[in-house]
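Reading through the structure tokens given below for one structure.
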There are 2 protein chains.
Amino acid sequence: MNIGQAAEASGVSAKMIRYYESIGLIPKTVRTEAGYRVYSDNDVATLGFIRRARDLGFSVEQIAELVALWRDRDRASTDVKRIALEHVEVLERKARELQEMAATLKHLAKHCHGDTRPECPIIEGLQTGGGTGSIDLHSSSQFGAVGLRSAHRDTAPKRVRS
Amino acid sequence: MNIGQAAEASGVSAKMIRYYESIGLIPKTVRTEAGYRVYSDNDVATLGFIRRARDLGFSVEQIAELVALWRDRDRASTDVKRIALEHVEVLERKARELQEMAATLKHLAKHCHGDTRPECPIIEGLQTGGGTGSIDLHSSSQFGAVGLRSAHRDTAPKRVRS
DNA sequence: CTTGACCTTGCCATCATTGGAAGGATTACA
DNA sequence: TGTAATCCTTCCAATGATGGCAAGGTCAAG
């Protein structure tokens with residue numbers, strides 16, 4: 001199986017397959033005389049595993065852990081559980097953060113007249129950092145970028161950046 | 001005021017101030033004879049505005065819009081409201097996605113023995129893409145990376161990538 | 001044999017941000 | 001005044017995951 005078929009079968013783009021190989025997430029494949037990468041059904045299964053983990057928001061680093069656990073069937077499922085639960089915590093925390101941000105913005109927008117008058121608490125809130133009363137626009141999160149990836153791009157390659 | 005003081009006062013790093021200038025988010029500043037950038041209190045206020053917008057998860061592109069609206073007080077608040085509400089939608093959608101991912105993982109982890117036995121539905125779920133019954137691990141989101149930024153890094157510069 | 005579809009590598013771009021290096025400017029202190 | 005420490009400058013590189021393009025090799029069908 002060539003990389004194109006493997007990509008289609010696994011849902012991971014050929015580009016990403018090469019990338020995963022380059023960073024060592026998957027081992028180097030056998031090549032034909034011409035230099036074409038050859039994939040087995042087993043490889044496709046691994047790629048599918050990776051894609052599903054990716055769709056669940058795992059970082060490549062975590063996926064590497066999970067793939068290692070998956071390959072080594074003798075490893076305890078404790079490790080897998082631990083990784084998953086750690087990930088759940090992060091996901092929930094980030095979801096909470098996003099909701100708080102949305103709530104803050106909604107609150108500000110609610111008091112924005114929306115007509116042609118230039119009074120708008122959104123702007124004022126941003127300006128003063130607390131002009132709307134109890135809302136703490138400074139409330140800082142200690143978390144970095146949310147590790148969400150776009151899922152299999154069956155649809156469009158558009159990068160919905162807000 | 002030099003860039004260092006402006007950075008401290010605004011909460012935006014000197015590095016980022018230069019970056020924002022380079023991409024045109026803020027105008028080029030006056031320089032001293034030696035080439036040092038000079039900032040006024042007004043500039044610091046603008047930077048603070050930018051930081052707070054950034055903390056609310058606005059992309060630089062959106063911040064540019066907001067800053068323009070902020071500067072031009074004659075503009076209708078309708079625009080601000082629209083931008084904010086669009087942003088709210090995206091945030092809520094992304095929060096929902098994260099929660100769904102967390103729920104799926106939690107469900108899988110719940111049935112993971114967590115002892116030394118290698119049976120673990122997390123692994124199996126990832127492997128088969130649906131081994132746990134009704135859970136659709138293929139459920140794809142059509143959304144790209146979440147545009148969350150780390151907030152003012154008072155604490156540590158660590159990038160909590162899960 | 002040609003055409004078109006596929007593969008290869010390699011480089012560039014994204015986005016926001018950090019880091020570092022090399023060198024000039026200013027400030028503080030002995 | 002000399003010097004060291006601290007600031008500032010610009011430029012370059014890296015991050016993570018992905019897309020895109022280009023130049024060139026390969027393969028299968030017509």
Side-chain angles (χ1 to χ4, degrees), chain A residues 1-8 11-26 28-39 47 50-51 53-64 143-162, chain B residues 1-8 11-26 28-39 50-51 53-64 141 143-153 156-162:
Chain A
M1 205 189 298
N2 283 341
I3 199 171
Q5 283 134 14
E8 179 134 17
V12 180
S13 72
K15 203 82 176 173
M16 290 313 297
I17 295 176
R18 294 194 196 99
Y19 171 68
Y20 290 150
E21 184 187 310
S22 80
I23 62 172
L25 179 57
I26 54 178
K28 286 176 187 163
T29 60
V30 183
R31 303 282 190 120
T32 65
E33 299 164 27
Y36 283 23
R37 288 173 180 81
V38 178
Y39 296 90
L47 286 169
I50 289 170
R51 182 181 55 72
R54 191 191 61 182
D55 290 348
L56 282 175
F58 285 95
S59 72
V60 166
E61 203 175 349
Q62 287 174 316
I63 293 175
F143 317 119
V146 174
L148 250 192
R149 237 159 322 296
S150 59
H152 17 143
R153 44 195 88 285
D154 316 312
T155 50
K158 65 179 169 188
R159 236 168 171 20
V160 184
R161 267 204 79 74
S162 82
Chain B
M1 204 189 303
N2 284 341
I3 199 171
Q5 283 133 17
E8 181 135 16
V12 180
S13 72
K15 213 80 176 166
M16 289 314 295
I17 294 176
R18 295 195 196 96
Y19 171 69
Y20 289 150
E21 184 187 310
S22 80
I23 62 171
L25 179 56
I26 54 179
K28 285 175 187 163
T29 60
V30 184
R31 304 281 190 120
T32 66
E33 298 163 27
Y36 283 23
R37 288 172 180 82
V38 178
Y39 295 90
I50 289 169
R51 182 181 54 72
R54 193 190 57 181
D55 289 349
L56 281 175
F58 285 96
S59 72
V60 167
E61 203 177 349
Q62 287 173 317
I63 294 175
S141 63
F143 316 119
V146 173
L148 250 192
R149 238 159 318 297
S150 59
H152 16 144
R153 43 197 90 283
K158 65 179 169 187
R159 250 188 160 3
V160 183
R161 266 205 77 75
S162 86

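Order of the sequence lines fixes the chain letters, A, B, ..., with proteins taken first and strands second; residue numbering starts at 1 for each chain. These figures come from a predicted structure and were not determined experimentally.
- Nearest heavy atom pair, residue A/S13 against residue A/A7, reads C-CB, 4.0 Å.
- Contact annotation: side chain of A/K15 to base of D/dG16, donor-acceptor pair absent below 3.5 Å.
- Considering only the side chain of A/Y36, D/dC27 comes nearest among D/dC27, D/dT18, C/dT17.
- Judged by closest nucleotide on DNA chain C, A/V38 is the one of B/I23 and A/V38 placed further toward the 5' end.
- One can place OH of B/Y19 at 15 Å from C1' of D/dC12, the figure rounded to the nearest angstrom.
- With values rounded to the nearest 0.5 angstrom, B/M16 atom CE is found 11.0 Å from B/I3 atom CD1.
- Distances shown here put a side-chain N or O of A/R18 below 4.0 Å from the OP1 or OP2 atom of C/dT8.
- Here the straight-line distance linking atom OH of A/Y39 with atom CG of A/N2 works out to 9.5 Å at 0.5 Å rounding.
- Contact annotation: A/S13 side-chain N/O to D/dG19 OP1/OP2 distance is under 4.0 Å.
- The closest donor-acceptor contact from the side chain of A/E8 to the backbone of A/Q5 lies at 3.5 Å or more, if one exists at all.
- For D/dT18, one of the phosphate oxygens OP1 or OP2 lies less than 4.0 angstrom from a side-chain nitrogen or oxygen of A/Y20.
- Rounded to whole angstrom, the span from the CD1 atom of A/I17 across to the P atom of C/dC7 amounts to 10 Å.
- Taking all atoms of both residues into account, the shortest heavy-atom contact from A/V38 to A/R31 is CG2-C, 4.4 Å.
- Here the P atom of nucleotide D/dT10 and the CE atom of B/M16 are 16 Å apart, to the nearest Å.
- With axes fitted over five pairs at each extremity, the angle between the ends of the helix from C/dC1-D/dG30 to C/dA30-D/dT1 is 20° (10° resolution).
- Which of D/dC8, C/dT26, C/dT17 sits closest to the side chain of B/I3 comes down to D/dC8.
- Under 4.0 angstrom from either OP1 or OP2 of C/dT8 there lies at least one side-chain N or O belonging to A/R37.
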Verdict with reasoning, A/Y20 to A/I63, per side chain to side chain contact (heavy atoms under 4.5 Å, CB included): CA-CA 11 Å; A/Y20 290 150; A/I63 293 175; 5.6 Å; no
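- Within the 4.0 Å cut-off from OP1 or OP2 of C/dG24, not a single side-chain nitrogen or oxygen of B/R31 is found.
- The nearest pair of heavy atoms linking A/L47 to A/V12 is O-CG2, 3.5 Å.
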